[in-house]
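Report on one structure; see the data block that follows.
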Amino acid sequence: MSRIITLNPTDPDYQLAPHFNSREFRCHHCGALVVDLRLPAACERLRKEVSDILGRDTPLRLTCGHRCKIHNAAIGGVRWSGHIRGTAADIVTPRRMNTRIFAGIAWDIREAAGIARVGCYGGYHGKFGFIHVEISKLFPWYKSTWGDSFIV
Ligand SMILES: [Zn+2]
């Protein structure tokens, strides 16, 4: 079951999960929002896991939630990107953690968190490290984004 929320650019923001607001998921280009509520729930679960492991409250920052088709095309995202459908988020690697471990944590909790795929972008303690978290089980041939060079 999916619960898709859509907001127009001028619609007010509201809380989607205890630590995640709709503003964090809006398209950077136009402010529109399409988000499956299972996505902020997955982010919330991941935030808790990372906080438990690091032993401190660890906010997770999104670099990308929803992308409208125009924005997705402009940055070279694949046509079938989960960001268009509101099923994917890119999450910055927290401080004092490296991206591979961050991706591994997301992968380890995938069943409890409802995560279908995890992509790992950026190297060891990479300055621009982030992970791509995808809750959609569409495109089952697309098993993993580890090391991929195209934008999902
Ligand atoms: Zn847009």
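Small disclaimer: the values here were computed from a predicted structure and weren't measured. Atoms within a ligand are numbered from 1 in the order they appear, just like the ligands themselves. These numbers come from the heavy atoms of this one structure, side chains and all, not from hydrogens, waters or symmetry mates.
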- Item | Neighbour count above 12 (heavy atom, 6.0 Å) for Arg95 CZ | no
- Any donor-acceptor pair under 3.5 Å linking the side chain of Arg67 with the backbone of His29? no
- Item | Arg79: partners by side-chain contact (heavy atoms from CB on, under 4.5 Å), with sequence neighbours left out | none
- Item | Pair listing, ring pair (Phe, Tyr, Trp, His ring centres under 6.0 Å) test, anchored in residues 32-66, at least two apart | none
- Message: Run the salt bridge (Lys or Arg N to Asp or Glu O under 4.0 Å) test against Arg110 and tell me which residues pass, sequence neighbours left out.
- Response: none
- Task: For the Zn ion (ligand 1), state how many protein N, O or S atoms fall inside a distance shorter than 2.8 Å.
- Result: 4
- Item | Aromatic plane relationship, Tyr121 with His132 - under 30° parallel, 30 to 60° tilted, over 60° perpendicular | perpendicular
